[in-house]
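Okay, so here's the structure we're looking at.
Both counts, for ligands and for their atoms, begin at 1 and track the order of listing.
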Amino acid sequence: METDSIRSQFPILDQKVYGKPLVYFDNAATTQKPQSVIDTLCRYYQTLNSNIHRGAHYLAGEATEEYEQTRRAVQQFINARHSHEIVFTRGTTESINLVAASFGQRFLNEGDEVVVSAMEHHSNIVPWQLACERQGARLQVIPFDDEGVLDLEALRGLLNEKTRIVAVNHVSNTLGTVNPIRQIVDIAHSHGIPVLVDGAQAISHFAVDVQELGCDFYCFSGHKMYGPMGVGVMYGREELLEQMPPYQGGGEMIKDVTFERTTYNELPFKFEAGTPAVGDVLGLHSAIRFMQQTGVDNIARHEKELTDYATERLLQIEDLRIYGRAKEKTSVISFLVGNAHPYDVGTLLDKLGIAVRTGHHCTQPIMDRYGIPGTVRASFAVYNTREEVDTLISAIERIAPMLA
Ligand code: C6P
């Protein structure tokens, strides 16, 4: 894989900030977009813009066709059994809220339990807390060890006849840990309990096969996989989606409306109320094409090499600690240097042209687990290079004494 030819597809990378070449290491927050995705958005608004599924005219027909083609592309990309198991949302957050609200309404009752892990993003905690509050259910939490590995024995101990669902991330956005989803699914399914996977940080890093994982729901965002903001996916198994009530009411999700009674549309439309982000959905199709053309396995290999290299070099810096040392991890490195506040490190790195994220990364329970206020987080994508890692290392070596 030629990193130069990949980088040349991302116009935003070719610029200076504060007079320094941009080193973009905030890919877990959002990835940059290749020209092909940007072109698709322009083409949609220049030649295709119209509302889908309803117009009797040419543009509406073409836009609908491309929208539904994207659904089939997503189905193939994650190997779902049916395209109607793919529901378009605004992103991971909306996907999880949809499941928590709808599944919660249908299956959660007083005294029931929902299991999440201690390394979840707030998006996979708060929607479940809201659902539990509404239904009188309780949240149970799977702990993780110092390295950032989930305690599966504890999970086994938490499951009982009151547990209705297990909701865990595939990859932690703070620790980088890749969780053993197949194993978690086997444990939960042996009790007849469904599993939701937050795939926000997995989908751009390695191949995801929902049938192989065996999960019941899989949620992700387009903007973290080289696609546009404003579009995401909720994959759900047909059998469960059929039993769940609509999340939002409005146009498109109905079959018949009278003041006495409304009947709902079939899957997936039952869960897609109102006008969707058609252009962004088409942009997601281009992002999938970009990943397939680059090769998902090539992306995984490149990012692993970069992460191993960066980890090794970072650990050579005096008094630098990495949070998240699981054997199975993706290209996220959270760290602290000496007693420097992460925000100060991030601000100084920014002035040197290096974009990282600092803070709790919407995972406050992880920070509480380690007793720290936050971390500095560098996260890599397919277009990042060893030279950029070297720039980061020299920058930290330069600023660490200033902050000691
Ligand atoms: N994490 C980060 O910098 P949305 O905002 O809906 O696209 O994704 C939410 C979300 C859910 N789960 C995980 C594991 C995530 O990492 C995120 C988003 C970003 O880490 C923004 S806080």
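- Of the possible donor and acceptor atoms, one in the side chain of Thr263 sits under 3.5 Å from a partner among the backbone N and O of Asp256.
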Query raised in the report: Can you list the steps and then say if Asp26 with Arg357 is a salt bridge (Lys or Arg N to Asp or Glu O under 4.0 Å)?
Result: CA-CA 6 Å; Asp26 195 18; Arg357 187 171 170 183; 5.6 Å; no
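- Here is the list of ligand 1 atoms found below 4.0 Å of a heavy atom in Ala28: 2 (C), 3 (O), 19 (C), 20 (O).
- Regarding atom 21 (C) of ligand 1, its nearest protein heavy-atom neighbour is Arg357 NH1, 3.3 Å.
- The distance from the CD atom of Glu242 to the NE2 atom of His84 is 6.5 Å, given to the nearest 0.5 Å.
- Counting heavy atoms under 4.0 Å from ligand 1, residue His223 touches it through the side chain alone.
- Within the 4.0 Å heavy-atom criterion, the part of Ala200 lying near ligand 1 is the side chain and not the backbone.
- The residue among Asn97, Thr93, Val332, Val231 with a heavy atom at the shortest distance from atom 4 (P) of ligand 1 is Thr93.
- Between the side chains of His285 and Glu66, no donor N or O sits under 3.5 Å from an acceptor N or O.
- Among Lys224, His121, Met119, the residue whose heavy atom lies closest to atom 19 (C) of ligand 1 is Lys224.
- Both tests do not hold together for Arg164 against Phe107: distance to the six-membered ring centre under 6.0 Å, angle to the ring axis within 45°.
- Proximity of Asp198 to ligand 1, defined as any heavy-atom pair under 4.0 Å, is confined to the side chain (atoms from C-beta onward).
- Here Arg90 has no heavy atoms under 4.0 Å from ligand 1, in either its backbone or its side chain.
- Between Tyr67 and His53, a ring centre-to-centre spacing shorter than 6.0 Å is recorded.
- The distance criterion of under 3.5 Å between nitrogen or oxygen atoms is not met by His361 with respect to ligand 1.
- With hydrogens and angles disregarded, a donor-acceptor distance shorter than 3.5 Å links the side chain of Lys33 to the backbone of Gly227.
- The aromatic rings of Tyr24 and Tyr383 sit tilted, their planes meeting at an angle between 30° and 60°.
- Taking 4.5 Å as the limit, every side-chain heavy atom of Ile52 sits out of range of all side-chain heavy atoms of Glu252.
- Between Ser123 and ligand 1, no N or O atom pair is found at a separation short of 3.5 Å.
- The shell of residues lying under 4.0 angstrom from ligand 1, judged by heavy atoms, excludes Asn124.
- Heavy-atom proximity to Ser221, at under 4.0 Å, picks out these atoms of ligand 1: 4 (P), 6 (O), 7 (O), 8 (O).
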Query raised in the report: Would Asn97 and Tyr247 satisfy side chain to side chain donor-acceptor pair (under 3.5 Å), going step by step from the backbone distance to the final call?
Result: CA-CA 9 Å; Asn97 273 278; Tyr247 171 50; 4.8 Å; no
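- Taking every non-hydrogen atom of Thr92 and a distance limit under 4.0 Å, the qualifying atoms of ligand 1 come out as 6 (O), 8 (O), 11 (C).
- Heavy-atom contacts of Asn173 reach the following atoms of ligand 1: 2 (C), 16 (O), 20 (O) (cutoff under 4.0 Å).
- Close contacts between ligand 1 and Gln201 involve ligand atoms 1 (N), 14 (C), 15 (C), 16 (O), 20 (O) [criterion: under 4.0 Å to a heavy atom].
- Checking His122, Arg377, Glu94 against atom 20 (O) of ligand 1, the nearest heavy atom belongs to Arg377.
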